[in-house]
Q: 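Just passing along the structure, written as structure tokens.
Each ligand, and each atom within it, is numbered from 1 in the order the structure gives. Every heavy atom of this structure was used, including side-chain atoms; hydrogens, water molecules and symmetry mates were not.
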Amino acid sequence: MNDPNAIREHIDVLLSQMSVEEKAGQLTQFFYFGFMRDIPPGAAAELPMSNQPQHVEEALARGAAGSLLFVREPAEINRLQRLALEGNRHNIPVIFGFDVIHGFRTILPVPIAMAASWDPETVEQGQAVAAREARAVGIHWTFAPMVDISRDPRWGRIIEGAGEDPYLGAAIAAAQVRGFQGAGLGTPERVIAGPKHFAGYGAALGGRDYDEANLSDYELWNVYLPPFKAALDAGAGNVMTAYMPLNGVPATGNRWLLDEVLRQTWGFTGWVVSDANAVRSLQTHGFAQDLAEAGVFGLNAGCDMEMAIADAAYAHLPAAVADGRVAETALDASVRRVLEAKLRLRLFDEPFVDEEHAQTVLNDPAHREVARRAAERSAVLLRNENNLLPLDRDSLGTLAVIGPLADSQRDTLGPWCFEFDLAETVTVLAGIRAKIGDRATVTYAPGIRPAQRAFPSMFDMFGGNAPEDPADFDDAAELQRAADVARAADVAVVVVGEWQNMIGEAASRSSLDLPGRQLELLQAVVDTGTPVVVLVLNGRPLDLRWAAANVPAILDIWYPGTQGGTAVANLLFGDAVPGGKLPFTWPRTGGHIPLIYAHTTSHEPERQDRRYWDEHSTPLFPFGHGLSYTTFAYEGLRLDRDRIEAGETLTVAVEVRNTGARPGDEVVQLYIRQRHGRAARPVRELKGFRRVTLQAGETRTVEFTLGPDELHYWHPLERTWVIDAATFDVWIGGDVTAELHAEFAVQNSAG
Ligand code: NOJ
């Protein structure tokens, strides 16, 4: 149903017939953890986990649940939907949500990797595949994209976002929404997108997940909010709140965020869901006095739906309506938004899913191709001395593959996936073997045992999450064997990084070191004298200072997903050419955090590399960095006008030439700097980018426009968007250090 009048009338009728309890039910979303039936009572201390599924089924049977999450099998989805419809005298179906973060069955590279492609089309295609698979099993709505800006890689959830930059973040956010939702709510084979976590979650104190965020309005408007705005402009139907207090007021009970910004300023008409148990947390934060008050604060702030494990705060809303703490009109407004989504999805007409068709979609080989291509396009070549890469498969006798991560299917996929198929997951080792195994010898040695977390992960309940610690592993002998294997080879590929359970939600880290004995392993391999290629499996920058000084080639492959090994083998042997770029500034060491490129010029800028006395303050690799197997030259930077009025737009053009001998991709990046004005603005800000493929010798003209959207900023004192009369620098190049320069002036100010 897409006729707004018909939808409104349908909702009016329903609201006139629903009890307050039924309305509160529509605003309650439950996890459904079928496997918890097997957990003995008391084993999971905090919540009544073992009766959790039973509790939810009881709620469904009395029409007291509007949505479920975490159900992934089509037959189970149909069964629960049937229960819901039987239990709801208005025949209101439940809407199924899930964390479809980087694929459902076909696992794509992790989101930070997709952002490193700097290619909105690849991102959109990837999320369209994810949506198709999820929708085929009966999931209607994804808790994605995560559009939180993250400037602190200690924060494990940096892996779920697009990095440090609001401009790149906005472009990637919008592309994800387009991929998930297609033409909008109700598009076949798509799901509703819910950008999260609104807002400021990535600024957790110390990078410790869930800790408070304290952000000035200046940072919020200029840095943290733009990706949300872009996701909403792309049509996102839902928004998820954040866990932490923002400037003292918990985000889930923060009326300024949820009402003033989201609805009144931006005109968002979709529904807001809390993060899991975040309404309950209003009490934990010392904000609400009890669970009932938490529900009141959540709803009155603008959080329409509560995501809960068992004991919902919104179950207390009927009492709050009765005693006047919540107006029934406010309750109705929230229910209206939820029902509208269900109607626009045509859920009332088609509540069930075709179980057989689901299998066909999940097995679609075209999806694996999209994943492979995405993995190729997201890899970032950090270093390639003397063109060690690509390797020449014809002259290679023996290739050694070293490191436990090279042979781990689970770790190839990364965190935040649950429905993957390990049997079809291609590791780096398997990918290399498949590619050259028939003509060269591929040897393998793990060298060390997998590193372990100091504390268990919250995802360990899903099984297979933590790497096994092998029994009978002779550490000294294995390290020696790895060195021997490397010594006997023509080239050694060493895979280093973090095990996937070391990054993601509740997986913050106090250092960026390579976990376990990986550095020692790498050093032992390099000591053999065999040329070494390092592959990095990661979702955050790691301390690669030693590798960057001692290893000729470093390729960042992130957690590349289902087809990761195939993609990596293609990249290593030149059947694919790396073209990804870093979506964050790569610090030298953990003590550098936070390190961003868009800082302001401060006192004694000429000594800015000496801010620390014990280490350079400059990054190990700059924002936007990424090499290719070919080289590019930039020339002819020109502007169509060198003076504009505030509000006008100018065009910037540049010629990019592939100066090498093979085809390759370059991400052309445009940065500006406002030299003076009503605020001290960043030394550089990304304001345009385009990924282009150029044949050897080919030249392409790339054009960008600079107008009010690129030149305005939110002023901290005037508390509004302004454009300053100022001179602006423009640089275009292949990373943030671009030197090709032009300038223009804005003649008058605005705002
Ligand atoms: C908590 C996470 O913060 C959020 O991102 C996720 O969507 C929910 N759990 C549901 O799994």
Side-chain angles (χ1 to χ4, degrees), residues 28-36 46-47 49 52 56 67-72 95-104 110-112 127 130 134 139-150 155-162 173 176 180 191-204 207-213 227-228 231 236-246 250-252 271-282 284-285 298 303 305-310 312 414-419 457-462 465 503-508 539:
T28 307
Q29 179 187 49
F30 287 112
F31 280 82
Y32 186 86
F33 285 139
F35 66 85
M36 284 189 177
E46 284 154 33
L47 291 160
M49 293 297 217
Q52 196 270 348
V56 175
S67 176
L68 298 185
L69 76 147
F70 251 87
V71 196
R72 312 193 298 272
I95 178 169
F96 287 90
F98 186 52
D99 292 280
V100 186
I101 306 298
H102 56 114
F104 184 71
V110 290
I112 192 81
Q127 296 304 32
I139 291 163
H140 309 112
W141 157 31
T142 177
F143 311 128
M146 193 203 88
V147 303
D148 294 312
I149 293 291
S150 30
W155 191 56
R157 302 197 80 171
I158 186 176
I159 189 174
E160 290 176 59
Q176 294 198 71
F180 283 129
V191 294
I192 296 178
K196 66 188 185 184
H197 306 80
F198 197 61
Y201 181 40
R208 291 178 297 274
D209 205 3
Y210 314 138
D211 272 12
E212 68 191 80
F228 284 97
N238 170 257
V239 165
M240 185 187 286
T241 67
Y243 274 132
M244 76 305 145
L246 174 69
T252 305
W271 87 108
V272 174
V273 68
S274 76
D275 199 342
N277 288 327
V279 177
R280 162 186 289 273
S281 286
L282 295 179
T284 317
H285 293 308
C303 176
M305 184 183 268
E306 178 189 9
M307 183 189 286
I309 289 200
W416 270 126
C417 49
F418 303 89
E419 212 36 51
S457 153
M458 67 188 279
F459 293 102
D460 285 354
M461 66 176 172
F462 293 101
N465 190 55
I503 185 149
E505 186 177 350
S508 298

Q: Would you please say whether a donor-acceptor pair under 3.5 Å links the side chains of Y243 and E212?
A: no
Q: Closer than 4.0 angstrom: is that true for some heavy atom of F70 and an atom of ligand 1?
A: yes
Q: Looking only at distances, can you tell me whether any N or O atom of R157, backbone or side chain, sits closer than 3.5 Å to an N or O atom of ligand 1?
A: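 Right, the criterion is met.
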Q: NE2 of H102 to CD of Q176: how many Å apart, nearest 0.5 Å?
A: 11.0 Å
Q: Assert yes or no for the condition that the ring centre distance of Y201 to W155 is strictly below 6.0 Å.
A: yes
Q: Give the numbers and elements of all ligand 1 atoms closer than 4.0 Å to a heavy atom of K196.
A: 4 (C), 5 (O), 6 (C), 7 (O)
Q: With rounding to the nearest 0.5 Å, note down the distance linking CD1 in I192 to NE2 in H140.
A: 9.0 Å
Q: Determine the minimum heavy-atom distance between R280 and E306, stating which atoms define it.
A: N-OE2, 4.2 Å
Q: For ligand 1, which atoms sit closer than 4.0 Å to a heavy atom of F143?
A: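 Counting atoms of ligand 1 from 1, those under 4.0 Å from F143 are 7 (O).
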Q: Touching ligand 1 at all, E160? Heavy atoms, strictly under 4.0 Å?
A: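 No, that is not the case, since the closest heavy atom of the residue is not under 4.0 Å from the ligand.
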Q: Picking from F70, F104, F35, what satisfies ring pair (Phe, Tyr, Trp, His ring centres under 6.0 Å) with F418?
A: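 The ring pair (Phe, Tyr, Trp, His ring centres under 6.0 Å) with F418 is passed solely by F70 among F70, F104, F35.
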Q: Between ligand 1 and W416, is the shortest N or O to N or O distance under 3.5 Å?
A: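 Among all N and O atoms of W416, none is under 3.5 Å from an N or O of ligand 1.
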Q: Can you list the ligand 1 atoms lying under 4.0 Å from a non-hydrogen atom of E505?
A: 1 (C), 2 (C), 3 (O)
Q: For atom 7 (O) of ligand 1, what's the nearest protein heavy-atom neighbour? Residue, atom name and distance, please.
A: D99 OD1, 2.5 Å
Q: Please classify the M307 to ligand 1 contact at 4.0 Å (heavy-atom distances, strictly less than): side chain, backbone, both or neither.
A: side chain
Q: Between D99 and R72, does a salt bridge (charged side-chain N to carboxylate O under 4.0 Å, His left out) hold up when you go through it step by step?
A: CA-CA 10 Å; D99 292 280; R72 312 193 298 272; over 6 Å; no
Q: Restricting to non-hydrogen atoms, name the atom on A506 and the atom on M458 that form the minimum distance, rounded to 0.1 Å.
A: CB-SD, 3.7 Å
Q: May I ask you to list the atoms of ligand 1 that are less than 4.0 angstrom from any heavy atom of H197?
A: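 Within the 4.0 Å cut-off of H197, ligand 1 contributes 3 (O), 4 (C), 5 (O).
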Q: Would you check whether D275 has a nitrogen or oxygen atom less than 3.5 angstrom from a nitrogen or oxygen atom of ligand 1?
A: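 Checking ligand 1 against D275, an N or O pair does fall under 3.5 Å apart.
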